[in-house]
Protein chains: 2
Amino acid sequence: MPTPARLTINDVARAAGVSRGTVSNVFSHPERVRPELRERVETVARDIGYGGPDPRGRLLRRGKFGAVGYVVPGAYGFVNLIESPFGREMLLGVADACDAAGISLTLIDGRAAQIEAAVDNALVDGLIIGTAGSAPVIERAMRRGMRVAIVDVAADAAISSVSIDAVTGAKLAARHLLDLGHRRFAIVSVRRTQGEPIDHAPGRRTTTLRDGGPLDREKLRGYSEALTAAGLDINAMPVLETVPWQADIGPALFAAAPDATAILVMSDRQAMTILRDFARLGRRVPEQASIVGFDGVPDGAAALPPLTTIEQPTREKARRATELALSAGPAQHSMLSVKLLVRASSGPAPA
Amino acid sequence: MPTPARLTINDVARAAGVSRGTVSNVFSHPERVRPELRERVETVARDIGYGGPDPRGRLLRRGKFGAVGYVVPGAYGFVNLIESPFGREMLLGVADACDAAGISLTLIDGRAAQIEAAVDNALVDGLIIGTAGSAPVIERAMRRGMRVAIVDVAADAAISSVSIDAVTGAKLAARHLLDLGHRRFAIVSVRRTQGEPIDHAPGRRTTTLRDGGPLDREKLRGYSEALTAAGLDINAMPVLETVPWQADIGPALFAAAPDATAILVMSDRQAMTILRDFARLGRRVPEQASIVGFDGVPDGAAALPPLTTIEQPTREKARRATELALSAGPAQHSMLSVKLLVRASSGPAPA
DNA sequence: CCTTATCGTTGGAACGTTCCAAGTTTCATG
DNA sequence: CATGAAACTTGGAACGTTCCAACGATAAGG
């Protein structure tokens, strides 16, 4: 038989000989209905094939969607979100928080051409914005009356945000290597302009950071302050700019800074790429060069050698962002602290 | 100033001195409104701070959500979804299809205790079900009038499905190794009962497949048929049962089948774990043992050595499932074909 | 100037639900 | 058996939009 024109709460009410309101209560506030009647209504509903209240009607009346959107904007978008272990941790944290709150999670693809329309039509109460660069998205969301929570970007005071203390983290990393006796540093940074190659020029010295990741500036500042305090000048150090998905950082780095014994980076991802590259190049870590990562992704523990890194509470950050994107009330800002996690990729400076 | 009680299309209509219907048209069918009037209404809307039609009202009237849900049910759930490269490919494929169709994507966590409530309240037109084992979910979804598309599971004829020709794939893999002269096989299968350890017993011979992955039975059948056709008996071969996230397959496999030169598995993931384990054990691939994977995940190309595998069109499968979950009309079933991808993990049988 | 066709605009009627004030029943109590 | 309180049920009124039949204006053709 053909689909029998969608059943509504009214059909059930008629069939069971009760009022619309009662049927609604049976499904949405069972405790308000006498058990005996409730059971009768439930039976009738099952018999005629009614599967419970349609979210459409409920939505309009109740006002709440019971969902948050997770926007991954910017040039890297979706692939990066789940390709990078960091992105994965974020998503998992968000999913956890959603599950705990009993709401659903809508992914909004930042690559999408129709990103603005997507935000306009998104069936969500709040938006979690994963990385920088989406002013129009934020504006539209606010206009719609959504809560917005931004991750890792210092935003408008009116918009909730969660971030980490990247400056302190970077200092921790640099000091750790300084304490181990290192004096010859190299720094790997991220250049976010798509398609540009690594700068291989060996003699290049630069601190110019173009289109960096949201916290790259803070990290660089932390490195700079710690190194300066130790009497070193970051401006005299080799700084290698890469794109985030770049594979051959290691060779380029070695070419640019063959004598560096201490390597500071912007992410675990970079650090692990370098670890792999160095292994291939026969450059031993930590005997010849020490590396400290940044993020504390799970894979770091399984790297060869296991990665010393600055661990940030990624899941906690995601959870917190989700809560903010869900909560009413004034905007809140939190900054989570990070800690040094010493593993095997860092060791004493070679004599 | 406090939030000024949500603005509606009515407020705009009043402020602009036109009817509700006209304002609706301005936003949803601009071509129906005289340009001059349209512009006036748009200006007024902007001035009073109206940000476009609320999806709630639209939804009720229009009926369509413009969204699909991607359910990841079963024991492994969300973590597995994005942790495994295969799961990632699926998600990416679904996301692509959604983007192309201009709809949004809701993730439904199969781990969730309230999975049924989640399905009941999901604001989606259709559901993509990623793996087996969710009869109640399917039933609820159908009841709600959602389209359902199942991936990799032969389901009810009334429910659309997308699958791959796993039997042929498995035969291809086995024949490839047979053609290379191999005669001593070992098979790694998946046991899906959570928490159970690998069976280390060296002499164990079994083909019992408990709670296998959706296509594991087909793969095993394909292996069996190809091997039988070559005069070998799969029942006499060592079959190692593992759990999907098991790390130490390699040692267990070597213990169970030290003389096997050809290894057949259920997934690339397993194959790559074995590759890593064998490297650690000093067992050379393909000189001492050949391995053929199954799935064709991108990471396989970067493995050491690059993995010979049965490549399935994962993204295409995801895309197709998404389309089915979106399309009206009778249920459809497709089976996509796979192909052998020869790389470096397979070679001639040792003399 | 009237007719007719065309293009724009209007306002009533849904869409399926939940809320809520008011009405009805039930039940313990005096 | 009357009373009052508590428990339960009812039906009208939203919620914000889009649809659609009908109406009004405008322009072209006679």
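Each chain gets a letter, A, B and so on, in the order the sequences are listed, and its residues count up from 1. From a predicted model like this one, the values you see are computed outputs, not experimental measurements. Any value given below was found using the heavy atoms of this structure, including those in side chains, with hydrogens, waters and symmetry copies removed.
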>> Need to verify one output field. Residue with the more 5' nearest nucleotide on DNA chain C, B:E31 or B:R62?
In response: B:E31

> Does any donor atom in the side chain of B:T106 or A:T106 lie under 3.5 Å from an acceptor atom in the other side chain?
Replying inline: yes

> Within the structure, does a side-chain N or O atom of B:T22 lie under 4.0 Å from either OP1 or OP2 of C:dT10?
Replying inline: yes

>> Under the rule for side-chain contact (heavy atoms from CB on, under 4.5 Å), what residues qualify as partners of A:M142, not counting sequence neighbours?
In response: A:I138, A:V148, A:I159

> Of all residues at least two apart in sequence or in a different chain, which pass the side chain to side chain donor-acceptor pair (under 3.5 Å) check with B:T43?
Replying inline: none

>> Could you work out, with side chain to side chain donor-acceptor pair (under 3.5 Å) as the rule, every residue matching A:R34, not counting sequence neighbours?
In response: A:E36

> Can you give the first and last nucleotides of DNA chain D, 5' to 3', that have an atom under 4.0 Å from a heavy atom of chain B?
Replying inline: D:dG16 to D:dC19

>> Please enumerate all residues that pass side-chain contact (heavy atoms from CB on, under 4.5 Å) together with B:R20, with sequence neighbours excluded.
In response: B:I9, B:N10

> B:L37 near the nucleic acid: base, sugar-phosphate alone, or nothing, with a heavy-atom cut-off under 4.0 Å?
Replying inline: sugar-phosphate

>> Once side-chain contact (heavy atoms from CB on, under 4.5 Å) is applied, do any residues pair with A:R319, and if so which ones, sequence neighbours excluded?
In response: A:D96, A:A97, A:R315, A:E316

> Does A:S334 have any side chain to side chain donor-acceptor pair (under 3.5 Å) partners at least two apart in sequence or in another chain, and if so, which?
Replying inline: A:R320

> At under 4.0 Å between heavy atoms, what does B:F27 touch on the DNA or RNA strands: base, sugar-phosphate, or nothing?
Replying inline: nothing

>> Heavy atoms only, 4.0 Å cut-off, all strands: where does B:R58 land among base, sugar-phosphate and nothing?
In response: sugar-phosphate

> By side chain to side chain donor-acceptor pair (under 3.5 Å), which residues pair with B:R140, not counting sequence neighbours?
Replying inline: B:E116, B:D120

For residues 46-62 of chain B, dump all side-chain donor-acceptor pairs below 3.5 Å to protein atoms at least two apart in sequence or in another chain.
residue, atom, partner, partner atom, Å
B:Y50, OH, B:G52, O, 3.2
B:D54, OD1, B:R56, N, 2.7
B:D54, OD1, B:R56, NE, 3.3
B:D54, OD2, B:R56, NE, 3.2
B:D54, OD2, B:R56, NH2, 3.0
B:R56, NH1, A:G63, O, 2.1
B:R58, NH1, A:N121, OD1, 3.1
B:R58, NH2, B:S28, OG, 3.1

>> Looking at every non-hydrogen atom in both residues, tell me the closest pair between B:A157 and B:A331 and how far apart they are.
In response: O-CB, 3.5 Å

> Quick one: side-chain contact (heavy atoms from CB on, under 4.5 Å) partners of A:A16, sequence neighbours excluded?
Replying inline: A:V18, A:V41, A:V44

> Between which residue ranges does DNA chain C form stems of three or more consecutive Watson-Crick or G-U wobble pairs, both distances under 3.5 Å?
Replying inline: C:1-30 with D:1-30

> Taking atom P of C:dG11 as reference, at what distance in whole Å does atom CZ of B:R14 sit?
Replying inline: 13 Å

>> I need a per-nucleotide contact map over nucleotides 20-26 of chain C, read 5' to 3'. Cutoff is protein heavy atoms under 4.0 Å; write B for the base, S for backbone only, - otherwise.
In response: -------

